[in-house]
Amino acid sequence: MELRQLEYFVAVAEDSNFTRAAERLNVAQPGVSAQIKQLERELGLPLLDRSGRTVTLTEAGRAVLPFARAALGAVAGSKQAVDELIGLVRGQVAIGTITSCPAVAIADMIDGFHRAHPAIEITLSQDNSDRLVDAIRAGGLDLAVIALSSSTSYPGVALKVFVDERMVAVVGDGDPFAGQESLPVRAFRDRALISMPPGTGIRSCVDEACARAGFTPRIAFEANDPNMVLQLARRGLGVAFLPTSMTAGPGLHAITVASPALRGQLALAWRADGPVSPAATALIDHGIAALSS
């Protein structure tokens, strides 16, 4: 008994037709018939009733069919297990991150994964959240660290939030707002603002908060690097909005923002559907464990 005999038998049983089964299997129809006849000879009973317009299962065929499917399933499972082991040995993974993510956290995550899977090739790139998500969907990245706003939604992308913190307004010591501890969002209507560019999670938070307060923010300066945003605010060139953890430093004053409060999140992102390689699966599991701890 050969596996291809079982495969041909299952195909004919499912299609109720030798010709359609042969087309699906991409083999010649006489070959399918010959192999099934050989299987029937080995088992000693006919498995298919060929007397009607469609092929039907005999009583013996109905009894054999689930075992044939189970045998084929076991072979497929064995091949998948081997493929997964090969993928973990020879695989490649691509990671993306926003510039505002703590570099140490990303470096530690990559280092830990490399130590666990030293033969997997790893690449890293930086971009804004929207473009990283596009790369995830297109299959160019296996895992990315992105920033989210409260209303962010990315269909087809799975997310695991690992940072959720308040955002504050930041001004230099000489700014007119430097003596304030808390201000509503509408207080910044007429102020020059310093922000990350569109497509970033931080910018989305600012735009959404200003829209809810009834105005369009006046963005005077845009910078991809949060450190540049802080440097501009320190020099009195405008008001910056950043997560609390990024705002410490001399010459700066943080103001709590209310009505509405601003919150920023960092999340791991990966494809929610579609094929995921064994190496990518291992990377996702490692990333969740490393950044959520």
Side-chain angles (χ1 to χ4, degrees), residues 1-96 117 119-123 131-144 153-159 269-285:
M1 186 182 300
E2 299 179 5
L3 284 173
R4 65 173 175 171
Q5 295 171 346
L6 298 178
E7 182 183 10
Y8 293 177
F9 165 62
V10 170
V12 173
E14 291 175 346
D15 289 338
S16 300
N17 185 280
F18 278 90
T19 301
R20 287 197 298 270
E23 290 174 351
R24 174 152 66 100
L25 295 166
N26 198 29
V27 295
Q29 188 268 338
V32 174
S33 298
Q35 289 298 323
I36 293 178
K37 287 180 180 178
Q38 178 64 30
L39 177 62
E40 291 173 323
R41 283 195 293 270
E42 291 184 15
L43 293 175
L45 287 172
L47 302 177
L48 299 169
D49 183 349
R50 302 161 173 83
S51 62
R53 296 183 63 182
T54 60
V55 179
T56 60
L57 290 167
T58 64
E59 183 178 354
R62 288 192 294 272
V64 170
L65 182 60
F67 293 100
R69 283 174 168 156
L72 295 174
V75 172
S78 299
K79 289 181 178 179
Q80 181 179 354
V82 173
D83 288 344
E84 289 178 355
L85 289 174
I86 293 173
L88 285 176
V89 172
R90 305 174 186 170
Q92 298 177 333
V93 293
I95 304 170
H117 305 284
I120 294 179
E121 182 180 340
I122 308 169
T123 61
R131 285 195 287 266
L132 291 173
V133 168
D134 288 342
I136 287 284
R137 288 182 176 136
L141 291 176
D142 298 296
L143 185 68
S153 176
Y154 292 119
V157 176
L159 300 171
W270 64 94
R271 291 179 70 184
D273 49 20
V276 179
S277 71
T281 300
L283 173 65
I284 293 165
D285 291 342

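Arg137 places a side-chain N or O within 3.5 Å of a backbone atom of Pro155 that can act as its donor or acceptor partner. With hydrogens and angles disregarded, no donor-acceptor distance shorter than 3.5 Å links the side chain of Asp49 to the backbone of Thr58.
Here the shortest heavy-atom pairing between Ala94 and Gly140 reads CB-O, 3.5 Å. Of all non-hydrogen atoms in Leu57 and Ala13, the two that sit nearest each other are CD2-CB, 3.8 Å. Taking both residues in full, the closest heavy atoms of Ala68 and Val10 are given as CB-CG2, 3.8 Å, listed atom of the first, atom of the second, then distance. Considering every non-hydrogen atom in both Gly156 and Asp273, the closest pair reads O-OD1, 4.1 Å. Closest approach of Ala272 to Ala158, counting heavy atoms only: CB-N, 3.8 Å. Taking every heavy atom of both residues into account, Ala269 and Ile136 meet most closely at O-CD1, 3.5 Å.
Ile284 places a side-chain heavy atom less than 4.5 Å from the side chain of Val276. For the pair Leu39/Leu6, a side-chain contact is recorded, criterion being any heavy-atom separation below 4.5 Å from C-beta on. The shortest side-chain heavy-atom distance between Phe9 and Leu65 falls under the 4.5 Å cut-off.
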Next on the checklist: For a side chain to side chain contact (heavy atoms under 4.5 Å, CB included) check, start with the C-alpha distance between Glu42 and Glu2, then their side-chain angles and the critical distance, and finish with the verdict.
Outcome noted: CA-CA 10 Å; Glu42 291 184 15; Glu2 299 179 5; over 6 Å; no
Next on the checklist: Before you tell me yes or no, could you show the steps for Tyr8 and Val27 under side chain to side chain contact (heavy atoms under 4.5 Å, CB included), namely the whole-Å CA-CA distance, both residues' side-chain angles and the distance that decides it to 0.1 Å?
Outcome noted: CA-CA 10 Å; Tyr8 293 177; Val27 295; 3.7 Å; yes
Next on the checklist: Walk me through whether Arg50 and Ile36 qualify under side chain to side chain contact (heavy atoms under 4.5 Å, CB included).
Outcome noted: CA-CA 12 Å; Arg50 302 161 173 83; Ile36 293 178; 3.7 Å; yes
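Gln38 CD: more than 12 foreign heavy atoms inside a 6.0 Å radius.
With respect to Pro46, the side chain to side chain contact (heavy atoms under 4.5 Å, CB included) criterion is satisfied by exactly one of Glu59, Arg41, Glu40: Glu40.
The CG atom of Leu132 lies 12.0 Å from the CD1 atom of Ile95; values are rounded to the nearest 0.5 Å. Note: Lys37 NZ to Leu48 CG = 11.0 Å, rounded to the nearest 0.5 Å. Atoms CD and CZ, from Glu7 and Arg24 in turn, are 9.0 Å apart once rounded to the nearest 0.5 Å. In this structure, the separation between OG1 on Thr54 and CG on Asn17 is 8.5 Å, given to the nearest 0.5 Å. Gln35 contributes atom CD, which lies 11.5 Å from atom CG of Leu25 (distance to the nearest 0.5 angstrom). For the atom pair Arg62 CZ and Thr56 OG1, the distance stands at 8.0 Å (nearest 0.5 Å).
Side chains of Glu23 and Thr19: no donor on one and acceptor on the other come within 3.5 Å.
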